[in-house]
Amino acid sequence: MTEHLLLGQTLQFTGDALADWQAATRHHSAGAVLIRDGRIRDVGPAESLRAVHPDATVTDYGDALICAGFVDAHMHYPQTAMIASWGKRLIDWLNTYTFPEEAKFSDPTYADMIAGRTLDLALAHGTTTLTSFCTIHPASVNAWFQAAAARGMAVVGGKTCMDRNAPDNLRDTAQTAYDDSKVLLDRWHGQGRATYAITPRFSPTSTPDQMSALGALWAEHPDCLMQTHLSEQVDEIAWVRDLYPDARDYLDTYEAHGLLGARGLYGHAIHLEPREVDRLAEVGAAVIHCPTSNTFIGSGLFDMMGLARAGLRIGLATDTGGGSSFSMLRVMAATYEIGQLRGTPLHPAQLMWLATEGAARALHMGGQIGHLGAGAMADLCVIDLASTPAIAQRHACADDIWEALFPTIMMGDDRAIRDVWVAGRRVAAG
Ligand SMILES: [Zn+2]
């Protein structure tokens, strides 16, 4: 039985850092993480863990920071090849860039290539779990879960369903959306580290019939997740109002069709009505903040602290390729910047919590992933806190771990990711 002991600084969370970051954080400047059989078995001071586990294989990361691998709670792997496409707002951006690219996923070979490329890019940025929309093509879902299984990664995914307001070659029907999703769900959900998410893209691209069919499928498989988009742009909300004249608000287009629940993941959620906030909180649903996407597509400023106070689960995400980076460090920086614009800047501990524990809780995987503590899967990220000259010179005069970490949050990228472990296996080295 091989035990690995990783030495470095360690950052743990023992509670909700959005509510009280000081009570929720534990930092060891000379810490250690013990790994056995793919899981974290202990975290504590290096001296005591070395004494108790003298035969463990030691990897010494010096003063690099060992933390849980990042969890990206909303992205679109089929958009990897068209990330950073210039100059459109949501609806035009979908029609001009996204749909032509997603049409290519009728080719399983292309889907395999982009799925593997996306996961390798994510790992290089310290992200060990991703929640992705696939395309309308079942092969895109198979490609996603197969590529993740080959890398030992816990991922979430689902067939994106659209039966209107999309090109002919990207439309299914209410019935085929149900049938295809059910086959994929039966094949993949709970296989290894795979989790299936029933995936209507968003209300404008699904008829009420398709929404009802997917709501029925979720009712039959309530342990699955459900992912979609909610209230991203003002124009989009007006369009939803035209398409669903009887709905009380955008959320009601989901709620009326069985698509509101605790295991629901609602991406963006920027322009919410009070009733929508209350209902999301009542059912325990999660909203996913995608700040690099929100600024890139010009969507608006998410109310992080207001929604946290209302009791919503909140995760962070890249929303690749609406988001303009694969890096959760960049996502944390944008979260900070949007917080500043709203007058509620977040502490570095809160940013790290959201990108790991918060996102994992949104996926109902708290304690299993995104967590540096005994019992969690050993999905880890090792961060070099002085990865570039600009960061290093600021880091050199830091007085505590938060001052030492914040320059990397604001200025760091994949050069800051020194190493990555997935299920107790080292997968990358900088
Ligand atoms: Zn999205």
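Just follow the structure's listing: the first ligand is 1, and inside any ligand the first atom is 1. We use all heavy atoms of the structure for the numbers below, so side chains are in, but hydrogens, waters and symmetry mates are not.
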Counting only protein N, O or S atoms and ignoring waters, those under 2.8 Å from the Zn ion (ligand 1) are His74 NE2, His76 NE2, His229 NE2, Asp319 OD1
Could you grab the distance from atom CG of Leu94 to atom CD1 of Ile297, nearest 0.5 Å is fine? 7.5 Å
Taking atom types as modelled and ignoring hydrogens, do the side chains of Asn165 and Thr205 form a donor-acceptor contact shorter than 3.5 angstrom? no
Would you say Asp223 and His189 are linked by a side-chain donor-acceptor pair, where the criterion is simply a distance under 3.5 Å?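 His189 vs Asp223: donor-acceptor pair found between side chains.
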Which word best sums up how the rings of [X] and [Y] line up, parallel for under 30°, tilted for 30 to 60°, or perpendicular for over 60°?
X      : Y      : answer
His347 : Trp21  : parallel
His74  : His76  : perpendicular
His229 : His268 : parallel

